[in-house]
Amino acid sequence: MTILDGKKTAAKIRAELKERVSRLGFQPKLAVVLVGNDPASAIYVRNKRKACEETGIGSVLVTLPETATQEEAESAVDALCKDNAIDSILVQLPLPAGLNEERILGIIPPEKDADGFCYENAGRVALGERGISACTPAGVMELLARAGICVAGKRTVVLGRSKIVGRPMAALLLNADATVTICHSKTKNLTEECLRAEIIIVAIGKPNFLTADMVSEGAIVVDVGINRDADGKICGDVDFEAVKEKAAYLTPVPGGVGPMTIAMLLRNTVEAAERKK
Ligand code: NDP
C-alpha cells in the first residue's frame, strides 16, 4: 500500500507557488472573512493565513462578531470586492445561524472567488468548462495526478454529495473522464457500490465509516473526512488500519487531503493575481 502524502505534495506545490509569486512583481493578497467565535473555524483560518505567509502571499483578516447582521456581513465582503489590492476573498464557513450564506457568497465576483463556491464558478465546473474549482476536490485531483494516477475511464465512487466536496468532486472526476457514481444517505447497497469502485473518495463526516469489507483489493482510497474520535483525536472517514491492508493507495488523516485543500486555496489566489497582472 502506498500512502498518498498530502503534506509532502502540498509543500512542493507551495514551493512552486512561491516561485510564481516572486515573478509577479507584486504581492498577491487573500482576504479572509471570519464571522463569530467557532473555534474550529478560527484554527482553519489561522492555518490558511500561515500557509499564505510561507508562500509570500499577503493575507488580510476581517473579523465580525457572532452578532453581526446580514447587512454588516454583506457590506464587509462588498468592501473587499471593491478593493483592487485584494486578489481573492474567502468567507470562512459555516457562518453563524441567521446569516444568509448564499447571499453573502453571491456578492463575491467570480474572479475573486478563492474557494470556487460562487454560482458562476461552480456552474462552469459542473458544465465541464474552465472555472475556479472548489479547493478540496481540486486538491484531491492534484494529489492523484501527482501520484501518477490517471482517473480516465476508472470506476469511481464519491461518497457524499455536499456543495463543497461531493458534488464538485464528482464534476471534476467526470471532467477528467472518470466513470462516476455519487452515493449519499439514500443510496441502497452502498457496500456493493463501493466494491465495484477502482477509486473511492469518501466525504461523509463520520469516523471509520468506510470499512475494509467495502473496499476491493487494490482500490485507491481518498479520505476527505476530518472528524474527532472518542479520544478527541483527529481522524478521517476511513477505517485506516483495516483498509490499508486492501487498498493500493490511501490518504492519511491528518496529512492527506487537508494540506492539499490549503495548497489549492493558495493556487487560486496566485492565479487570480496572475490574471489581474
Ligand atoms: P456534509 O455533512 O455537508 O455532507 C455529508 C454527505 O455525506 C451528505 O451528502 C450525506 O448524504 C452523506 N452521508 C451522510 N451519512 C451517510 C451515510 N450513512 N451513507 C451515505 N452517505 C451519507 O459534509 P461535507 O461534505 O461538508 O464534509 C464531509 C467531511 O469532509 C467532513 O468530515 C468534513 O469535516 C470534511 N471536510 C474536509 C475538508 C478537507 O480539507 N480535508 C474540507 C471540507 C470538508 P445526504 O446528502 O443524503 O444527506
Side-chain angles (χ1 to χ4, degrees), residues 3-7 9-10 13-14 32 38-51 90-95 97 101-102 105 114-117 122 125 133-144 157-173 180-197 200-211 213-215 221-230 232-240 250-268:
I3 291 278
L4 290 168
D5 189 337
K7 201 171 166 192
T9 309
I13 294 170
R14 283 201 304 275
V32 181
D38 180 42
S41 291
I43 294 171
Y44 289 140
V45 165
R46 203 180 315 136
N47 290 342
K48 288 169 185 175
R49 295 191 71 208
K50 189 165 162 261
L90 175 158
V91 177
Q92 185 64 40
L93 302 178
L95 291 169
E101 181 182 301
E102 273 159 31
L105 294 180
D115 263 335
F117 291 163
V125 170
S133 300
C135 299
T136 300
V140 172
M141 295 302 285
E142 196 67 28
L143 189 57
L144 293 174
V157 163
V158 178
L159 293 185
R161 57 173 166 179
S162 71
K163 279 193 234 175
I164 62 168
V165 189
R167 285 170 198 263
M169 186 73 252
L172 289 183
L173 286 163
V180 185
T181 303
I182 308 173
C183 297
H184 45 78
S185 66
K186 307 290 185 294
T187 299
K188 289 184 181 142
N189 306 325
L190 193 62
T191 297
E192 280 163 43
E193 296 293 350
C194 291
L195 282 172
R196 268 199 293 275
I200 310 179
I201 318 275
V202 196
I204 296 276
K206 292 186 174 151
N208 295 332
F209 183 85
L210 190 85
T211 45
D213 61 307
M214 299 167 86
V215 177
V221 179
V222 176
D223 189 352
V224 177
I226 303 179
N227 314 295
R228 288 203 184 263
D229 66 15
K233 245 180 75 191
I234 298 276
C235 67
D237 288 349
V238 175
D239 181 354
F240 185 90
L250 181 56
T251 61
V253 178
V257 177
M260 292 300 294
T261 297
I262 296 184
M264 294 300 101
L265 171 71
L266 304 175
R267 188 174 78 178
N268 283 347

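Counting starts at 1 for both ligands and their atoms, following the listed order.
The backbone N or O of Arg161 lies less than 3.5 Å from a partner atom in the side chain of Arg167, making a donor-acceptor pair.
Closest to atom 42 (C) of ligand 1 among all protein heavy atoms lies Thr136 OG1, 3.2 Å. Of the protein's heavy atoms, Arg161 N, 4.0 Å lies nearest to atom 8 (C) of ligand 1. The protein atom (non-hydrogen) at minimum distance from atom 27 (O) of ligand 1 is Val165 CG2, 4.4 Å. Considering only non-hydrogen protein atoms, atom 29 (C) of ligand 1 sits nearest to Gly205 N, 3.7 Å.
With Pro94, Ser162, Ser185, Gly160 as candidates, the residue nearest to atom 11 (O) of ligand 1 on a non-hydrogen basis is Ser185. Heavy-atom proximity to atom 2 (O) of ligand 1, evaluated over Ile164, Thr251, Ile234, Ile204, is greatest for Ile204.
Close approach of ligand 1 to Thr261 is summarised as follows: ligand atoms under 4.0 Å from at least one heavy atom of the residue are 39 (C), 40 (O).
For Thr187, the heavy-atom gap to ligand 1 stays at 4.0 angstrom or more. Residue contacts with ligand 1 include Gly258, since one of its heavy atoms falls under 4.0 Å from the ligand. Using a 4.0 Å heavy-atom cutoff, Lys206 is listed among the residues neighbouring ligand 1. Every heavy atom of Gly166 sits 4.0 Å or more from the atoms of ligand 1.
For ligand 1, the polar-atom distance check against Phe209 finds no nitrogen or oxygen pair separated by under 3.5 Å. Between Ile226 and ligand 1, at least one pair of N/O atoms sits closer than 3.5 Å.
For the side chain to side chain contact (heavy atoms under 4.5 Å, CB included) test with Cys183, the passing option among Ile204, Val202, Val158, Leu159 is Leu159; the others fail. Of the residues Leu144, Val222, Val140, Ile3, the one that meets the side chain to side chain contact (heavy atoms under 4.5 Å, CB included) test with Thr251 is Val222. Looking at Leu93, Leu105, Thr261, Leu90 one by one, the single match for side chain to side chain contact (heavy atoms under 4.5 Å, CB included) with Asp115 turns out to be Leu90.
When every heavy atom of Thr191 is checked against every heavy atom of Asp213, the shortest pair comes out as CG2-O, 3.7 Å. Of all heavy-atom pairs spanning Ile182 and Ala170, the tightest one is CD1-CB, 3.5 Å.
Taking a cutoff of 4.0 Å between a charged side-chain nitrogen and a carboxylate oxygen, Lys163 and Glu102 qualify as a salt bridge.
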